[in-house]
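Structure first, then comments.
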Amino acid sequence: MWRLLRITVLLLFLAVAAYSTWYDRLSTTDWDETLWIGVFPVNAGGDGTAGAHIAALTQSDVGDIERFINDEAHRHGIRLDRPVRVDLYPEVEEKPPQHDPAGNMLSTMWWSLKLRLYARRNSHPSGRAPPRVRIFVLYHDPAFTQAVPHSVGLNKGLVGVVHAYADTQMTRSNNVVIAHEILHTLGASDKYDPESLAPLYPAGYAEPDREPRHPQTFAEIMAGRYAVDAATFEMPASLADVVVGDATALEIRWKRAP
Ligand SMILES: [Zn+2]
């Protein structure tokens, strides 16, 4: 009797989780009303450089993310006037839970649950409506941090964590990473080889039909880099050098499969 009850409760819990993931996926990619995305700055090391950088951030620093996504949506045939709205939110004091990339499936599941609870706790500043998609941007002092941890965007829970440099010269390239993680939350997959970082052909190429194929001059957003030649891959300086390719457009339902 108890065993049956326990199994029923577990199945119910799984059904609710599956339903909410399915509902989030569909409702954030039906493109019939503006999807609200919030960018929440976090001071990664608690230092003065990142603190001053965060204090100086304004809405215009995230402006090109909204412009990029909306222009690309329109290019792919979305008719909604403003498919996404990207707003800068006040700084969040609490740091997101850390992910152990070498961890097993159970530890990843536990981390993802903690991250969803973190996002729920920290995305309702007083006097502001909470956004649907929450991107937490951890700013690192570039003088102390040579390499930042991997950024992540989770479709389950509509939350992303971006590691960025607290340097105004990096704002535009930070925004490329933020846009990449936003599209992950909407169901887009990576389009580069994790070993070599090469953009995958054709899905990870901005202009797959270009003759000759190299050099490419634009990057596909989920590839993150463009191929100058078959073995040289460059990161785009800003979203002005990035496109959303057809494969990504299909995944986030800007296009339907033919
Ligand atoms: Zn990615």
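Each ligand, and each atom within it, is numbered from 1 in the order the structure gives. Quick note: numbers below take in every heavy atom, side chains included, and nothing from hydrogens, waters or symmetry partners.
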>> If you consider just the N/O/S atoms, which atom of D190 is the closest one to the Zn ion (ligand 1)?
In response: OD1
>> Tell me whether the Zn ion (ligand 1) has E181 as a neighbour, meaning an N, O or S atom of it below 2.8 Å.
In response: no
> Do F136 and Y118 make the cut of ring centroids closer than 6.0 angstrom?
Replying inline: yes
> Does H163 have its ring centroid less than 6.0 Å away from the ring centroid of H150?
Replying inline: no
> Does some side-chain heavy atom of R85 sit less than 4.5 Å from a side-chain heavy atom of I37?
Replying inline: no
> Is R128 positioned over the aromatic face of Y89, cation under 6.0 angstrom from the ring centre and no more than 45 degrees off axis?
Replying inline: yes
> Can you give the angle H180 NE2 - the Zn ion (ligand 1) - H184 NE2, rounded to 10°?
Replying inline: 100°
